[in-house]
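Chain naming here is simple, since letters A, B, ... match the order of the sequence lines and numbering starts at 1 in each.
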Amino acid sequence: MKPEPTEILVIDDDRDLRDAMSFILEGEGFQVRTAENGRIALELLASYHPAVILLDMRMPVMDGWQFMEEYKRRLRGEAAKIIVFTAAENAGKRAQEVGVPLYLSKPFDIDDVVKLVKRSLGEKR
Amino acid sequence: MRLLKGLTPLRIAGFYALVAFLWIYFSDSAVSLMTSDPETITRIQTFKGTFYVLATSLMLYALIERYFRQIRASEHRLKTLLECLPEAIIVVNREDQVVELNRSATLLFGLGRNEILTRTSLLRKSIALRPAQDPDPIARALAGETIYNWEGQIRAPGNDDLPISISASPVRDEPVPHEKDGSTGRAIIVFRSIAEIKRLERMRDEFLSTAAHELKSPMTTIKAYVQLLKKWRPAGIGERELKALSVLSYQTDRMNKLIQDLLEFSRLQLGRLQLNKTRFELRSLVSELVAQMQGISPTHRLSLADGPPEWVFADRDRVEQVLLNLVDNAIKFSPQGGAIEVTVSGREGEVCVAVKDQGIGIPPERQLQLFDRYYRAHAGTGHAYSTGMGMGLFISRELITRHGGRIWCQSRENAGSTFQFSIPISPEAARPAGGGERSAHEA
């Protein structure tokens, strides 16, 4: 048994999708918290340090681009691995814009979510 | 004068002959009754002749003037019609000189009428047709071809690019063509602005794009929960429920593919498609896809022929999309199952992928339009597989063409089809392995 499960933050404005992501990742033994936009996520991140952040790009209040800017600015210590998941036309390009190498196009296979999260953790070392 | 209402040269001549005959006959008879003195007769004849010439000259003048007035009126009516047409019309000769034009043409080209008419080759210097073609529609019409609705843009002085449709035809009024190839000296060109149509098309495509985008979000959530349900398999779930979940899953994927096609289609229409080219190995991509599609249809035997690795420099996602579309079609149009053979082969300067099925094939008369947008080869045939939006092959062709490649098909009805596409090998593809490659999920 692992002493502490890996923590993951899911940022998306669709509540049902946030719940689905929680189900998917908790089913794999991760501990998941969610935020409905970038602003709320930043508040959470003041006292919370997840290993991976799954980030939607188009959200009200604070979108993915603004979140990334602010996140990088405020960052002290080790950054979380970010995975961009977006319904935008070119998911890869959106991810590149915010300097993130990992992305997932909506709609996705739930297996791909798990694979990608595990890969991001594997790369962390 | 009612008799002469529709004046023609023959009627004028006939009328003149009749009057002349009656005058000569009756005047000579009257003179012979009046006197028999030769000197008086000569005097009267001289007077009669002079009177005759004057009277008939006046009459001819009246008739011919009337005739010309009719011609002028008819010409004026035609000219007015031409002038009032909203389409710009010009007539050009072989020297590229405009010999006739209407008011709309002066507005379209932004030049004065005399300026256009008096200067040779001014037309070609002033306007540019896009896409540039050689020969362009004007030259083709001068060479004897009739062109309907050639769509492009025109750039005239002081104007931005304006979307236009050109119809052009050689003018065939000469009884004998000037040259043996059937070309005549002149051609009539009609320019029609299609700016409004293009604006509406753009609105439609924008709407399509937004709608497809909005559909994607709920589909993402539905797809995720369907997969979760399948994974969880709640206690007591029976065959019936599992079947229901499988149908949900399959139909969700189908819906996603339709949304994807709509988005890609609108992107193409709006000119927003950008290729994200990287260097990758094509055979392994095909192999992955063949394995994945085999899982979807157990009734078909999918195979990929062995061969060496084929490196290309292309947009991996787009090439995958085309492949998926071709294999998906092969499955869809061979409802009895059977073998689907995929081959990847390097040729001189290009890599070629072929997907061969043993399905229902395509009738010869429907093969030409296969790659046209909205065209569905099996529409109206009553087959179960005659559904779809008719965008798959159009999108595939556009994607392959934008890579500089070709896509084509060979098919025999009831014997199967082979769809093939090629991608040219660029210097980037030949570069030894190193930078530029990427795996499926990395940007």
Check residues 394-406 of chain B and write down every donor-acceptor pair under 3.5 Å in which the side-chain atom is one partner and the other belongs to a residue at least two apart or another chain.
{"unit_1": "S396(B)", "atom_1": "OG", "unit_2": "N325(B)", "atom_2": "ND2", "d": "2.7"}
{"unit_1": "S396(B)", "atom_1": "OG", "unit_2": "G392(B)", "atom_2": "O", "d": "2.9"}
{"unit_1": "E398(B)", "atom_1": "OE1", "unit_2": "R402(B)", "atom_2": "NH2", "d": "3.2"}
{"unit_1": "T401(B)", "atom_1": "OG1", "unit_2": "R397(B)", "atom_2": "O", "d": "2.5"}
{"unit_1": "H403(B)", "atom_1": "ND1", "unit_2": "L399(B)", "atom_2": "O", "d": "2.9"}
{"unit_1": "H403(B)", "atom_1": "NE2", "unit_2": "D315(B)", "atom_2": "N", "d": "3.0"}
{"unit_1": "R406(B)", "atom_1": "NH2", "unit_2": "E350(B)", "atom_2": "OE2", "d": "3.2"}

Considering residues, nucleotides and ligands other than [X], do more than 12 of their heavy atoms fall under 6.0 Å from its [atom1]?
X: Q292(B); atom1: CD; result: yes
X: M255(B); atom1: CE; result: no
X: Y250(B); atom1: OH; result: no
X: R240(B); atom1: CZ; result: no

Please list all pairs meeting ring pair (Phe, Tyr, Trp, His ring centres under 6.0 Å) that have one or both residues in residues 50-72 of chain A, counting only residues at least two apart or in different chains.
F67(A)-Y71(A)
Write down the atom of A87(A), the atom of K216(B), and the distance for their closest heavy-atom approach.
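That closest heavy-atom pairing would be O-NZ, 3.1 Å.
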Do D109(A) and K223(B) have side chains that get closer than 4.5 Å, going by heavy atoms?
yes
What part of F85(A) lies closer than 4.5 angstrom to a heavy atom of chain B: side chain, backbone, both or neither?
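Contact with chain B involves no heavy atom of F85(A) at all.
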Could you work out, with side-chain contact (heavy atoms from CB on, under 4.5 Å) as the rule, every residue matching Q153(B), not counting sequence neighbours?
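So Q153(B) forms a side-chain contact (heavy atoms from CB on, under 4.5 Å) with R130(B), D161(B).
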Let me confirm one number: the CG-CD distance from D112(A) to Q227(B), rounded to the nearest 0.5 Å.
8.5 Å
If we count only N and O atoms by modelled type, under 3.5 Å, do the side chains of S217(B) and D14(A) hold a donor and an acceptor together?
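The criterion, which ignores hydrogens and geometry beyond distance, is not satisfied for D14(A) and S217(B).
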Positions in residues 16-44 of chain A that reach chain B, provided some heavy atom is under 4.5 Å away:
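So far as heavy atoms go, D16(A), L17(A), D19(A), A20(A), F23(A), I24(A), E28(A) are the residues that approach chain B to under 4.5 Å.
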So, the side chain of K106(A) versus the backbone of T220(B): is there a donor-acceptor pair under 3.5 Å, distance only?
no
